[in-house]
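In what follows, chains are A, B, ... by sequence order, proteins preceding strands, each numbered from 1.
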Protein chains: 2
Amino acid sequence: MATGRTHRPATRSRGIPEATVARLPLYLRALTALSERSVPTVSSEELATAAGVNSAKLRKDFSYLGSYGTRGVGYDVEYLVYQISRELGLTQDWPVVIVGIGNLGAALANYGGFASRGFRVAALIDADPAMAGKPVAGLPVRHTDELESIITDNDVSIGVIATPAGAAQQVCDRLVAAGVTSILNFAPTVLSVPEGVDVRKVDLSIELQILAFHEQRKAGEETTSAQEPAAAVQPRSGAAVRTPAAGRAAGKGPDGDVPAVMPA
Amino acid sequence: MATGRTHRPATRSRGIPEATVARLPLYLRALTALSERSVPTVSSEELATAAGVNSAKLRKDFSYLGSYGTRGVGYDVEYLVYQISRELGLTQDWPVVIVGIGNLGAALANYGGFASRGFRVAALIDADPAMAGKPVAGLPVRHTDELESIITDNDVSIGVIATPAGAAQQVCDRLVAAGVTSILNFAPTVLSVPEGVDVRKVDLSIELQILAFHEQRKAGEETTSAQEPAAAVQPRSGAAVRTPAAGRAAGKGPDGDVPAVMPA
DNA sequence: CCATCTTTGTGCACGCGTTCACAAAGGCAT
DNA sequence: ATGCCTTTGTGAACGCGTGCACAAAGATGG
């Protein structure tokens, strides 16, 4: 899962809770699938299962949008698809720029999900002059110098950052200065943006680390029953114990092959 | 941000709240950066700023791990790096397999962040026979037939799914059957897994849709001040007002251009 | 050794999000 | 029309997460 949401401390935008907004795309996807199978109506129970949530939660979520169901019957699939699409702002066209056309940026550009619902890749931008002009996913890569004019000319308000961590903040600043007010950040950095700009981040290594935590916990539960009491965490094996001071030397140690790029 | 977290209704694993676990990688990254600049100690205030959170929250988060700070001074950077790494299970090696070596899968394989901290790409797996043997990011792509043996032989417990949506559940089932207990899913589908298996999902289009929602709201606030009162959302252009029952026929109405491809 | 200053660790209160459980509402059969 | 059955919409309770604000703890200087 992308983690995310910076700024806007869970603002209940126009009555719709942030948590609900985050689930609407999920419902929409499930509904679209039903629509393709020409299913006319669906109950909260069925839809909830398809979306992987609790039916009570789903009904409450929908209640924030209005009363779109029919008691005793369920929800009209097509109607709901439209309502949610409209609520999410997907009935209009959103031009998007992707900055940083490396492996990830190229993958994003090729990703079908982009174009599918209201999003249109307006331009691919990269700082490498050698990339300029080369076609990626059918679009010619533009040089960073053109960033501002591209944003302005295409009226872009959503930007995707797929650059190395080091360049992210700078790119972000330029995007914002040029008029972008929503940013999806794939670079492993905390971006600071002015009030009114939304940032969401997708961070692979954070997700993996969270999984590792749970994985470790599972493994620990099998072997050791109740490892350490309370203040537990502190002590450790004798010799190899890296004291705060000693630790520093690492970084090129155990995993000396770590590409210096992209911290983690 | 990757969204996510399936199953495990916010279990407070060993006393550490899920929300805190999700922030530990953030702190770790900030601390690693400080460590590289040889900064010996850091205050909760400074570190919080670097990680983009509130200092009180940070202190509370750390309090779940133990009392690792020194009042009047702050936290020892190296020591904290080690403690958090250990808590997240990053002091051990986690072999990972990536299934689905398309654009995204290849990008992930090349992503440095993988190897950097305890994670090692054990194998790249793809269903396309033509891909088999071809080197990607220095590793030969293996065919799906080998999936089970690869998992078993390398003792893999974390799997990354980067296949098309249609194949995701099937791949997931096989991974789980072979012994994987943590899955990072990039495919736009809800995966169902047995108890005890953790799934986190990273979904580009969901993130974009959430941004679009806020973007639309911003745009709406500028022009219209207080659009509609409360029960608001419902009404719309006269004739086209679709009642729940009438709705069915719609879907091709006002916005008849909605592409039926790739749900969202 | 004492006073002062800094920064941690946490008790407490508040608000969001989730879930339960049920009354209201509509369809359908008789 | 009437009654039964299904499913929605929501009031209310609960629990997690956040942030305030302060007491405790340690460092530092005289």
Q.
Are B:F62 and B:Y75 an aromatic pair, judged by ring center distance below 6.0 Å?
A. yes
**Q.** Interatomic distance, B:E18 CD vs C:dT18 P [rounded to whole Å]
**A.** 14 Å
Q | Nearest-nucleotide pick for B:A19, side chain only, options being C:dT7, D:dT7, D:dG17 | A | D:dG17
(Q) Using a 4.0 Å heavy-atom cut-off, does B:F62 contact any base of the nucleic acid, only the sugar-phosphate backbone, or nothing at all? (A) nothing
Q. Is any NZ, NE, NH1 or NH2 atom of the basic residue among A:D198 and B:R217 found under 4.0 Å from an Asp or Glu carboxylate oxygen of the other?
A. no
Q) What integer distance in Å separates A:Y64:OH from D:dT8:C1'? A) 15 Å
Q.
Side chain of B:A56, heavy atoms from C-beta onward: which of D:dA21, C:dT19, C:dA25 has the nearest atom to it?
A. D:dA21
Q) CG of B:L47 versus P of C:dT7: gap in Å, rounded? A) 14 Å
Q | Nucleotide C:dT8, atom P - distance to CG of B:L65 in whole Å | A | 15 Å
Q: Nearest 0.5 Å please: distance from the CG atom of B:L88 over to the NE2 atom of A:H214.
A: 10.0 Å
Q | Polar contact flag, side-chain donor to acceptor under 3.5 angstrom, A:D61-A:S63 | A | no
Q: Starting from the 5' end of DNA chain D, give me the residue, B:K57 or A:G74, whose nearest nucleotide shows up first.
A: A:G74
Q.
Under 4.0 Å from OP1 or OP2 of D:dC22: is there any side-chain N or O of B:R59 that close?
A. no
Q.
Checking contacts here: which listed nucleotide (D:dT7, D:dG26, D:dG19) is nearest the side-chain heavy atoms of A:R71?
A. D:dT7
Q) What nucleotide, of C:dT19, D:dG19, C:dG27, holds the atom closest to the side chain of A:N54? A) C:dT19
Q: Report yes if a side-chain nitrogen or oxygen of A:Y75 is closer than 4.0 Å to either non-bridging phosphate oxygen (OP1 or OP2) of D:dG9; otherwise report no.
A: yes
Q. Could you state the OH-P distance from A:Y79 to D:dT8, rounded to the nearest angstrom?
A. 16 Å
Q.
Below the 4.0 Å mark, does D:dT8 have OP1 or OP2 next to a side-chain nitrogen or oxygen of A:S44?
A. yes
Q.
Checking contacts here: which listed nucleotide (C:dG11, C:dT18, D:dG26) is nearest the side-chain heavy atoms of B:K60?
A. C:dG11
Q. Nearest-Å distance, CG (A:D76) to P (D:dT8)?
A. 13 Å
Q: Would you mind reading off the distance between B:L58 atom CG and D:dC20 atom C1', rounded to a whole angstrom?
A: 16 Å
Q. Please give, in whole Å, the distance from C:dT6 C1' to B:E46 CD?
A. 12 Å
(Q) Checking side-chain polar atoms at under 3.5 Å, does A:Y79 have a donor or acceptor matched by the opposite partner on A:Q83? (A) yes
